[in-house]
Amino acid sequence: MTTALEYPASYYAASANPAPKRPALTGAVHCDVCVIGAGYTGLSTALEMAERGYRVVVLEAARVGWGASGRNGGQIVNSYSRDIDVIERRHGKSAAARIGAMAFEGGAIIRERVERYGISCDLKAGNLFAAITPKQMRELEERRALWESLGHRALTLLDDRQMRGEVDSPRYVGGLLDGLGGHIHPLNLALGEAAALESLGATIFEQSAVEQIVYGEPVVLKTRAGQVSASFVVVAGNAYLGQLIPALAEKTLPCGTQMIATEPLSEEAAGRLLPNGHCVEDCNFLLDYYRLSADRRLLYGGGTVYGARESGEIEAQIRPKLERTFPQLAGVRIDYGWTGNFSLTLSRLPQLGRIGPNVYFSQGCSGHGVSYTHLAGRLLAETIQGQSERFDAFAALPHQPFPGGRLLRVPLLTLGAWYYGWRDRLGI
Ligand SMILES: Cc1cc2nc3c(=O)[nH]c(=O)nc-3n(C[C@H](O)[C@H](O)[C@H](O)COP(=O)(O)OP(=O)(O)OC[C@H]3O[C@@H](n4cnc5c(N)ncnc54)[C@H](O)[C@@H]3O)c2cc1C
């Protein structure tokens with residue numbers, strides 16, 4: 001008898017919409033597409049496939065949205081962890097143009113889906129990039145020009161005074177408001193997508209970790225008590241996939257990052273802190289991000305523990321960051337602290353690809369995955385359906401393994417994080 005994997009204690013688990021517990025897989029099941037993992041990547045792919053009329057099964061090791069998708073900052077940030085200018089410098093104009101054309105689609109998919117399926121997840125428009133140094137402000141000006149050149153028309157640069165009207169913090173010299181970004185209750189988005197998927201006839205099995213993949217036609221996925229044979233498989237286990245597919249594991253590093261939720265603030269205090277209710281991320285390499293929840297808690301995240309070390313001292317890690325941004329909240333009660341893993345790649349660009357003719361994967365959003373995973377689901381569905389131009393634009397980007405193998409990559413990354421944290425502190 002194995003123990004069921006339940007949601008870790010977090011503000012999101014405590015405020016989740018009611019959802020059924022799905023059964024574990026038993027016996028043999030056949031389908032067109034089987035997806036491994038019920039985070040946004042898996043759910044989005046499954047939903048896109050079910051909408052196209054395919055018979056879909058999702059196998060989830062724990063619960064729907066149990067991974068990063070149910071624990072994240074909830075910030076819908078456009079583009080990718082590395083922006084289009086970096087893609088152009090590294091991979092040329094044509095790759096940048098093709099990938100740039102999709103940079104704002106993930107957020108649009110979330111908005112459409114919330115509307116179409118009536119998902120209750122506190123969707124709110126607007127995200128702010130906050131500049132701490134003049135150099136970061138110049139970079140935001142460049143970002144605006146770049147995104148406008150790709151057709152984005154909802155960007156507003158803010159000087160220090162305007163930024164102070166958005167965020168009651170002395171830390172920022174300015175910012176950039178993206179009207180096509182925004183925020184959601186992340187677990188409730190995942191639960192709503194799962195319900196939408198089931199409404200189209202698809203099946204989700206929880207507590208059903210895939211333990212073995214037998215490649216072939218069909219592909220057979222084995223769990224402890226059952227197996228699924230499928231014409232196509234999509235691997236969407238991301239930072240929680242472990243060593244199921246060693247070739248994928250060596251290309252990413254699971255990284256732990258932590259969040260806290262304060263007690264609910266008074267209407268007046270919350271209205272002073274973030275008067276327009278936009279979510280915020282700063283422009284540091286090791287960035288802080290925060291927003292108000294629907295019940296007016298400040299949800300604050302930041303910091304990265306490379307190698308996914310669990311931290312028993314989450315409040316001790318994050319409270320100083322929160323109080324540095326908002327000194328007026330010194331001593332505020334913290335009701336929740338939790339940790340989750342995202343998947344880092346060496347290039348910090350997501351990895352989309354194939355393992356053989358009928359097994360596909362997407363992983364490695366490097367901390368910016370809420371919107372990208374929704375785009376990835378669409379691209380995976382398009383390619384399974386036989387239209388692979390857009391999928392191939394991503395799949396053509398090289399996926400480098402981390403140097404140092406399994407033993408050295410965590411210390412090397414810790415050193416890297418220390419170096420970038422030091423640069424952030426010096427403002428260089
Ligand atoms: C604390 C935190 C804050 C973040 N904040 C933001 C943010 O504000 N904005 C943003 O854009 N991004 C953010 N991210 C990143 C974002 O959450 C992720 O990029 C995104 O959710 C990844 O989705 P996913 O579906 O690929 O992976 P996950 O959501 O991790 O889902 C993977 C699922 O696969 C399952 N699984 C793994 N192996 C197996 C197996 N063998 N069999 C069956 N199931 C399996 C897991 O149980 C898990 O449920 C944050 C991440 C964290 C951890």
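Each ligand, and each atom within it, is numbered from 1 in the order the structure gives. This structure is a prediction, so every number in the text was calculated from the model and none was measured.
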Any nitrogen or oxygen of [X], main chain or side chain, under 3.5 Å from a nitrogen or oxygen of ligand 1?
X	result
Ser371	no
Ala61	yes
Ala62	no
Tyr40	yes
Gln75	yes
Gly369	yes
Ala68	yes
Val210	yes
Gly73	yes

So, do [X] and [Y] sit near enough that their side-chain heavy atoms are less than 4.5 Å apart?
X	Y	result
Ile355	Leu248	yes
Ile109	Ser44	no
Arg90	Pro398	no
Asp392	Arg354	yes
Gln227	Val29	no
Ser231	Asn358	no

Original post:
Got a salt bridge between Arg22 and Glu198, using NZ or NE/NH1/NH2 to carboxylate O under 4.0 Å?
Top reply: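 Counted as a salt bridge, because a side-chain N and a carboxylate O are separated by less than 4.0 Å.
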Sub-4.0 Å atoms of ligand 1 with respect to non-hydrogen atoms of [X]:
X	result
Ala209	42 (N), 43 (C)
Arg71	1 (C)
Gly67	29 (O), 30 (O), 49 (O)
Ala236	32 (C), 33 (C), 34 (O)
Gly37	33 (C), 34 (O), 35 (C), 44 (N)
Trp66	47 (O)
Gly340	53 (C)
Thr257	1 (C), 2 (C), 52 (C), 53 (C)

**OP:** Evaluate the criterion ring pair (Phe, Tyr, Trp, His ring centres under 6.0 Å) for residue pair Tyr290 and Phe326; output intermediate values, then yes/no.
**Re:** CA-CA 11 Å; Tyr290 52 86; Phe326 297 116; 5.2 Å; yes
Would you mind writing out the side-chain donor-acceptor pairs for residues 175-186 within the sub-3.5 Å range, not counting sequence neighbours?
| from | atom 1 | to | atom 2 | distance (Å) |
| --- | --- | --- | --- | --- |
| Asp178 | OD1 | His152 | NE2 | 2.8 |
| Asp178 | OD1 | Leu180 | N | 2.8 |
| Asp178 | OD1 | Gly181 | N | 3.4 |
| Asp178 | OD2 | Asn78 | ND2 | 2.8 |
| Asp178 | OD2 | His152 | NE2 | 3.4 |
| His183 | ND1 | Arg291 | NH1 | 3.2 |
| His183 | NE2 | Gly277 | O | 2.8 |
| His185 | ND1 | Asn188 | N | 3.1 |
| His185 | NE2 | Ser15 | OG | 2.9 |

For [atom], what's the nearest protein heavy atom and its distance?
atom	result
atom 48 (C) of ligand 1	Glu60 OE1, 3.6 Å
atom 31 (O) of ligand 1	Gly39 CA, 3.6 Å
atom 36 (N) of ligand 1	Gly237 CA, 4.0 Å
atom 14 (N) of ligand 1	Gly367 O, 3.4 Å
atom 39 (C) of ligand 1	Ile36 CG2, 4.0 Å
atom 26 (O) of ligand 1	Thr41 OG1, 2.7 Å

So for [X], does at least one of its heavy atoms come nearer than 4.0 angstrom to any atom of ligand 1?
X	answer
Asn341	yes
Ala239	no
Gly301	no

**OP:** Validate the cation-pi geometry between Arg153 and Trp147: distance from NZ or CZ to the six-membered ring centre under 6.0 Å, angle to the ring axis within 45°.
**Re:**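 No cation-pi geometry.
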Original post:
Relative to Tyr12, does Arg71 satisfy both conditions: NZ or CZ under 6.0 angstrom from the six-membered ring centre, and within 45 degrees of the ring's axis?
Top reply: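 No.
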Subject >> Stepwise ring pair (Phe, Tyr, Trp, His ring centres under 6.0 Å) test for Tyr172 and Phe129 >> reply: CA-CA 10 Å; Tyr172 307 121; Phe129 300 100; over 10 Å; no
Compute whether any side-chain donor of one residue and acceptor of the other, for [X] and [Y], lie under 3.5 angstrom apart.
X	Y	value
His374	Glu48	no
Asn127	Tyr289	no
Tyr11	Asp335	no

**OP:** Determine yes or no for a side-chain-to-main-chain donor-acceptor pair under 3.5 angstrom, with Arg297 supplying the side chain and Thr262 the backbone.
**Re:** yes
If you measure from [atom] to every heavy atom of [options], which option wins on shortest distance?
atom	options	result
atom 6 (C) of ligand 1	Thr45, Leu43, Asn72	Asn72
atom 22 (C) of ligand 1	Val370, Ile213, Asn238	Asn238
atom 29 (O) of ligand 1	Gly74, Pro186, Ser69	Ser69
atom 38 (N) of ligand 1	Phe361, Tyr240, Trp338	Tyr240

**OP:** Run the numbers on Leu274 and Asp168 for side chain to side chain contact (heavy atoms under 4.5 Å, CB included), then give the verdict.
**Re:** CA-CA 7 Å; Leu274 293 161; Asp168 188 16; over 6 Å; no
**OP:** State which residue, out of Gln400, Gln363, His399, Lys251, fulfils the side-chain hydrogen bond (donor to acceptor under 3.5 Å, both in side chains) condition with Gln351.
**Re:** Gln363
Subject >> Tyr372 and ligand 1 - part of the residue with a heavy-atom distance under 4.0 Å >> reply: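 Neither; no heavy atom under 4.0 Å.
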